[in-house]
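The next block holds one structure in the form of structure tokens; read it before the comments.
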Amino acid sequence: MEIFGYALPYNRNINGLPYLSLFSFPVDIILYCVVAVSLVLILLKFEKEKIQQIIIGGWVFFSVLYTFQAGFQVYHENRLLGEKNIDELREITTADGFYSFLKNASRNIPAQEPVTLYTKAEAPLYRQKAPYFLYPHPIIDNAQYILIFDPKLVTINQKNEEITIDTGKELLTLKNAKIIEKFSDKRFLVKKDKEMK
Amino acid sequence: MIILLFCALFLPFLFGLAILIVLSKGKKIIPTLQLFPLAFFIGTSLFTLILFILSLIGVKWDKTIISIILGAISLIILGKFYIKEFQQILKKIFTERFNIEPLYVLLILLIIFKLFTISYIAVNKPVTDWDAWANWSLRAKVFYFEQSVNLDKNSSYYLGSGGHLDYPLQFPILEAWIFTVIGEWNDQLVKIIFPIYLISFVLFLYSFLSERITKLSALLFSFIFISLPLVAYHSSSAYIDLPLGMYLGMGTMMLLTFLKTRSKFYLILSALLLGAAAWIKNEGLLFFIITLLFAIKERANIIALLTGLIFVIPWSLFKLVEGIQVSNLGFGVSGSFLHFEILPVILKGLLIFNNFTLLWFAFILGVIANISLLRKNDFSKMLFLPMGYFFIFIFIYMFTENYTYLLNGTVLQRNLLVIAPTVFWLTALLWGKEIE
């Protein structure tokens with residue numbers, strides 16, 4: 001049974017956290033009550049000490065709740081991530097095997113060589129995150145080395161050495177493109193010699 | 001590797017301590033619980049500034065040489081001024097019997113447990129959040145492998161690349177230094193610096209508050225602060241908003257201490273911390289300017305205030321010379337100037353509890369509860385500072401294209417996180433004692 005809502009490492013992001021719930025009861029309702037009661041007491045000119053006790057008492061109570069929630073979070077995250085090494089952790093925290101794709105592909109790219117990355121147009125995350133893992137290979141347009149990661153469609157014409165990529169936004173054909181490594185049906189490291197159309 | 005990590009962070013701390021000892025002329029002016037966090041905060045800022053200047057003059061970062069030179073300077077200074085003090089502190093720690101009430105013990109255990117959970121969550125996974133791998137940590141990686149800040153404008157990795165070349169470099173350089181000392185790019189272990197900043201801040205907060213309210217209240221508020229949900233979450237990420245907020249918080253606390261004591265030492269500390277904010281994020285410069293104007297109005301010594309410029313000038317001058325413009329502004333690009341649609345979004349953002357629990361309410365209620373007592377005194381004047389910081393954000397969103405980020409929910413709570421430490425200590429004092 002999930003005691004604390006959001007104890008699992010999901011649905012949290014850096015811009016804000018979801019409501020904490022205790023046995024599925026949203027605790028923010030209690031916080032609103034604390035605020036409302038305090039405001040009424042202030043307006044009724046009650047002793048400041050009493051109001052202080054309500055505010056600080058309520059605040060400490062929820063701080064203790066959050067502390068125990070953090071304990072559960074440690075437990076869950078340790079179960080999920082505890083024994084993994086750093087590469088496995090990067091793999092887990094990067095969607096869809098993108099990290100291992102980049103890591104394995106970059107082994108066959110000469111040092112400092114720039115690359116071009118083609119992926120799904122509606123998934124800008126890959127394009128944004130690639131530089132972090134690909135350094136020292138800068139990402140440019142029309143590089144000789146091309147990474148293809150899960151575009152909408154990939155068609156390979158081995159006879160003519162042509163690869164057609166549909167990113168969902170544009171259709172590209174790479175001519176004189178040789179597949180250096182195939183990772184899956186839609187994941188390749190390719191090297192081309194001439195300008196692509 | 002843990003030992004190397006410790007060494008990587010200990011050197012800036014030691015250097016910061018030496019600088020503070022020089023500034024205080026060897027006199028014991030501030031408690032140790034405030035001195036050590038200050039040494040860490042100011043030390044890491046100064047240290048990264050030195051590494052940046054070394055890059056500007058074309059010197060690669062050699063961990064051995066840098067450690068020997070800065071370590072030696074620090075130890076000589078500390079040895080000269082502080083050795084007896086250290087001996088006394090160590091003697092006190094190991095010989096004094098601490099009579100602590102059970103409630104204090106419980107609170108301390110809760111604090112330790114909470115800090116453990118934050119630290120664990122920080123280091124049990126590598127960098128995962130967008131701005132970290134897109135900007136801060138990416139630049140750290142580049143600087144590590146190049147053993148310097150990349151200053152080649154023709155390089156794809158000029159200034160580390162990333163989304164915003166105009167962003168200051170304290171944290172990318174600090175992370176790169178840690179990689180340099182531990183000898184590898186480890187974006188998991190490096191995240192420990194964020195809980196360490198939090199621990200330092202909380203020690204400082206406790207010490208500052210316990211000078212003004214009861215020790216129990218100070219401990220309670222320290223516990224509450226580290227339990228604020230978004231504070232805890234950001235302490236385990238590699239984002240820079242919370243560290244910026246903590247620098248602001250410490251800087252404003254030192255400013256209040258200056259207003260009460262009129263000691264130039266506290267003013268210099270405040271100026272250094274607030275100036276360092278400009279070396280952390282661009283908006284730090286605006287906060288520094290606002291606080292500078294406030295302090296000048298309070299008849300603070302301008303020369304002392306200008307010590308903060310030691311952090312502002314190098315990066316600002318560099319950007320001017322290199323022609324690097326501030327990104328993310330765009331006044332009136334869309335054709336509209338006044339974006340009133342941000343106001344209900346801001347109001348809604350302040351009314352929710354999931355990120356800061358009672359903080360904003362406690363602050364406002366505290367002001368209301370003490371309204372008859374809030375005369376024109378030093379404390380009540382400080383209340384205008386976080387409002388000033390907040391209005392900077394409102395101004396930016398009202399008049400620039402950044403309003404889109406506010407509307408889509410990507411910035412408001414992080415902006416509030418920047419002013420949260422300052423609002424928090426003010427709230428603690430509002431509720432912790434009678435306002436004189």
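Chain A is the first sequence line, chain B the second, and so forth, proteins listed ahead of strands; every chain is numbered from 1.
- Each of B:L412, B:N355, B:V411 has some count of heavy-atom pairs under 4.5 Å with chain A, and the biggest count is that of B:N355.
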query = Can you list the steps and then say if B:T117 with A:T67 is a side chain to side chain contact (heavy atoms under 4.5 Å, CB included)?
reply = CA-CA 8 Å; B:T117 61; A:T67 300; 5.9 Å; no
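- Taking CG from B:L138 and NZ from A:K129, the interatomic distance works out to 12.0 Å, rounded to the nearest 0.5 Å.
- When each of A:L43, A:L125, A:I139 is scored by its heavy-atom pairs under 4.5 Å with chain B, the top score falls to A:L125.
- Proximity to chain A (any heavy atom under 4.5 Å) is shown, for B:L359, by both the backbone and the side chain.
- Taken from CD1 in B:I352 to OH in A:Y32, the straight-line distance is 7.5 Å, to the nearest 0.5 Å.
- Interface remark: B:S119 contributes no atoms to any contact with chain A (heavy atom separation under 4.5 Å).
- With rounding to the nearest 0.5 Å, the separation of CZ in A:F62 from OG1 in B:T357 is 9.0 Å.
- The 12-atom threshold is not exceeded at CZ of A:R79, counting heavy atoms of other residues, nucleotides or ligands nearer than 6.0 Å.
- Only the side chain of A:I42 comes within less than 4.5 Å of a heavy atom of chain B; its backbone N, CA, C and O stay farther away.
- Residues A:S63 and B:F223 come closest through the heavy atom pair CB-CE2, 3.5 Å.
- Using a 4.5 Å cut-off between heavy atoms, B:L228 contacts chain A through its side chain alone, with no backbone atom that close.
- When each of A:N78, A:V74, A:L81 is tested with B:N124 by the rule side-chain contact (heavy atoms from CB on, under 4.5 Å), just one qualifies, namely A:L81.
- Within the model, atoms CG of B:L189 and CD1 of A:I86 stand 8.0 Å from one another, a figure rounded to the nearest 0.5 Å.
- Checked by atom type, the side-chain pair B:E146/A:Y135 shows a donor-acceptor distance below 3.5 Å.
- A:A70 and B:K114 make their closest contact through CB-NZ, 3.8 Å (heavy atoms, listed as atom of the first residue, atom of the second, distance).
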message = Let's go through A:I55 and B:W431 carefully: what are the C-alpha distance in whole Å and the side-chain angles of both, what is the deciding distance for side chain to side chain contact (heavy atoms under 4.5 Å, CB included) to 0.1 Å, and is it a yes or a no?
response = CA-CA 9 Å; A:I55 293 266; B:W431 286 108; 4.0 Å; yes
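- Summarising the geometry of B:K125 relative to A:L89, their closest heavy-atom pair is CA-CD1, 4.3 Å, with the distance given to 0.1 Å.
- Contact annotation for residues 153-161 of chain B against chain A (heavy-atom separation below 4.5 Å, listed by residue number): B:S156, B:Y157.
- Residue A:E83 places its CD atom among 12 or fewer non-hydrogen atoms of other residues, nucleotides or ligands, all under 6.0 Å distant.
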ask   = Run the side chain to side chain contact (heavy atoms under 4.5 Å, CB included) check on B:W133 and A:T93 step by step: do they pass?
value = CA-CA 12 Å; B:W133 48 252; A:T93 54; over 6 Å; no
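- Top candidate by heavy-atom pairs under 4.5 Å with chain A, chosen from B:L365, B:L107, B:I224, is B:I224.
- Of the two parts of B:N186, the backbone and the side chain both hold a non-hydrogen atom closer than 4.5 Å to a non-hydrogen atom of chain A.
- Looking at B:D187, the atoms closer than 4.5 Å to chain A (heavy atoms on both sides) sit in the backbone and in the side chain alike.
- Listed options A:P138, A:G82, A:G58 were ranked by heavy-atom pairs under 4.5 angstrom with chain B; first place goes to A:P138.
- More than 12 heavy atoms of other shown residues, nucleotides or ligands fall within 6.0 angstrom of atom NZ in A:K186.
- By number of non-hydrogen pairs under 4.5 angstrom with chain B, the leading residue of A:G71, A:P114, A:S38 is A:G71.
- Here the CG-CD distance, from B:N135 to A:Q128, works out to 11.5 Å after rounding to the nearest 0.5 Å.
- Across every non-hydrogen atom of B:F221 and A:I56, the tightest pair is CZ-CD1, 3.6 Å.
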message = Applying side chain to side chain contact (heavy atoms under 4.5 Å, CB included) to B:F361 and A:V34, what does each step give before you reach the verdict?
response = CA-CA 10 Å; B:F361 293 94; A:V34 169; over 6 Å; no
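- Within the 4.5 angstrom heavy-atom criterion, no atom of A:L41 approaches chain B.
- Contact annotation for B:F225: neither backbone nor side-chain heavy atoms come within less than 4.5 Å of a heavy atom of chain A.
- In B:D152, the CG atom is crowded: over 12 heavy atoms of neighbouring residues, nucleotides or ligands sit closer than 6.0 Å.
- The aromatic rings of A:Y132 and B:W185 stand perpendicular to each other, their planes meeting at an angle above 60°, with 30° marking the opposite boundary.
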